[in-house]
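For this chain, numbers begin at 1 and follow the sequence in order. Both counts, for ligands and for their atoms, begin at 1 and track the order of listing.
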Amino acid sequence: MYEKGRAWIELSMKNLRHNVKLFQKLLPEGCALMPAVKANAYGHGAGLIGKELQRMGIQNYCVASAAEGAELRSAGIHGQILVLGYTHPEDFGLLREYDLTQTVVDCIYGKELEAYEKQLSVHVGIDTGMHRLGESYENVSDIRKLWECKNLRITGIYSHLCTSDGTTQTDKRYMRLQEMRFQNVLRVLRPENEKAYAVHLQGSYGILNQEDLAGKYDLARAGLALYGVLSAPSETLEQTYHLKPVLSLKARIACIKELKAGEGAGYGLAWHADSERKLAAVSIGYADGIPRMLSGKGHALVRGKKVPIVGRICMDQLLLDVTEAPEVCPGEEAVFIGRSGSGRIRAEEMAAEAGTITNEILSRLGARLVRVAV
Ligand SMILES: *Cc1c(COP(=O)(O)O)cnc(C)c1O
């Protein structure tokens, strides 16, 4: 089947390599990149991205679930795969079968892992104030007891920052507080376990905005920015980085319609032509990850021109008003994220139009889209 026949994602592996090298230059000697390839590598396709990263010599990866880890392993990825989220005891077998490293989400969970009675590789999660996963930084004596569990092979310890993408003084202060709490836990644990495990703290923003943190850590869990995008278009980083977007989103125009003034189009006839208009029906819809709330709001590029999405977005199709690009023919492509001629739509812009962040737009790109490396 023709890969670019309906709706597809193009991956620029050149841009991925550029971003990986940029991060590797930012990180100090001894701190390795541990890319987050969860949620199908933020929608990009975990197999394709994982294999390209492996070709670049990456040896550590993180995913959200044991199933994602199993899929990555099955795609031929070697090295350490860390499961950041909860794994149900019924699935502990997967951890061993696919040689995955599990996060100890708190000390109670640590006991469940121990009770499995088989060796498991784990990283200990520390909650330093996000109040999501991890054992509280205050319970250092309980944390320390995890090293007495004979079935746990502890190869790492980490925490997660919740305001590192913020630029206000309050955000920065809280980030410093989390870092201090984490360092205090490490200080208590380290003497007896010097360098016995990897320590990590930062995601994309923790690396880009807080460079001075990097010296202390062995791994850095970069996700979003490795794919060359930021959460929002207006994001103010402390400094400008030349990240290059990896993903383009494209779809085929199926047919062109000429509408007279006053005629409506799409479900509910939610949109009406106020003058003679030309519409293009495009083979992509909300089942592919175009948010339905972009109905009458979003844009695409056709022959390099930015044109509006009109009417209600359907599950498998949507309508563009291509009156401003009258030469366009059926079978041509429409670009929703990426470049066309001199035009460009960034994923950050689509996210802003949809009232969300880039992370959500990308990670929800549908399973039906064909992923093609270019
Ligand atoms: C998703 C995730 C990351 C990566 O975050 P980005 O902001 O995409 O770089 C790192 N650590 C944890 C615990 C995560 O859940």
I'd like to check L113 versus K118 (side-chain heavy atoms, cut-off strictly below 4.5 Å). Are they in contact?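 Heavy-atom side-chain distance check fails, nothing below 4.5 Å.
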
Mind checking whether D316 and I284 have side chains closer than 4.5 Å, heavy atoms only?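 Not in contact.
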
Would one find an N or O of [X], backbone or side chain, under 3.5 Å from an N or O of ligand 1?
| X | value |
| --- | --- |
| Y158 | no |
| G223 | yes |
| L84 | no |

Contact between ligand 1 and H200 is defined here as a heavy atom of the residue under 4.0 Å from a ligand atom; is it met?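 H200: no contact with ligand 1 (<4.0 Å).
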
Evaluate the ring planes of F182 and Y217, with Trp represented by its six-membered ring, and classify them as parallel (under 30°), tilted (30 to 60°) or perpendicular (over 60°). parallel

Indicate the ring-plane relationship of Y116 and F92, choosing parallel, tilted or perpendicular according to the 30° and 60° boundaries. perpendicular

Is any side-chain N of the basic residue among E332 and K250 closer than 4.0 Å to the acidic one's carboxylate O? no

Taking every non-hydrogen atom, the tightest pair across R96 and L120: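 Answer, listing the atom of R96 first, then L120: CG-CD2, 3.6 Å.
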
Would you mind telling me if ligand 1 is within reach of the side chain of M34, the backbone, both or neither, using heavy atoms under 4.0 Å?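 Neither part.
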
Looking only at protein heavy atoms, which one is nearest to [atom], and how far off is it?
| atom | result |
| --- | --- |
| atom 13 (C) of ligand 1 | H160 ND1, 3.6 Å |
| atom 8 (O) of ligand 1 | Y42 OH, 2.5 Å |
| atom 9 (O) of ligand 1 | S204 OG, 2.5 Å |

For atom 14 (C) of ligand 1, which candidate among K38, R221, M130 holds the nearest heavy atom?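 Result: the heavy atom closest to atom 14 (C) of ligand 1 is in K38.
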
Would you find a donor on one side and an acceptor on the other, under 3.5 Å apart, between the side chain of H44 and the backbone of E10?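 Not confirmed, H44 side chain does not pair with E10 backbone.
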
Pairs meeting criterion salt bridge (Lys or Arg N to Asp or Glu O under 4.0 Å) with involvement of residues 63-86, two or more places apart: R73-D99

I'd like to check which ligand 1 atoms, numbered from 1 as shown, lie under 4.0 Å from a non-hydrogen atom of [X].
| X | answer |
| --- | --- |
| L224 | 6 (P), 8 (O), 9 (O) |
| R132 | 13 (C), 15 (O) |
| A222 | 9 (O) |

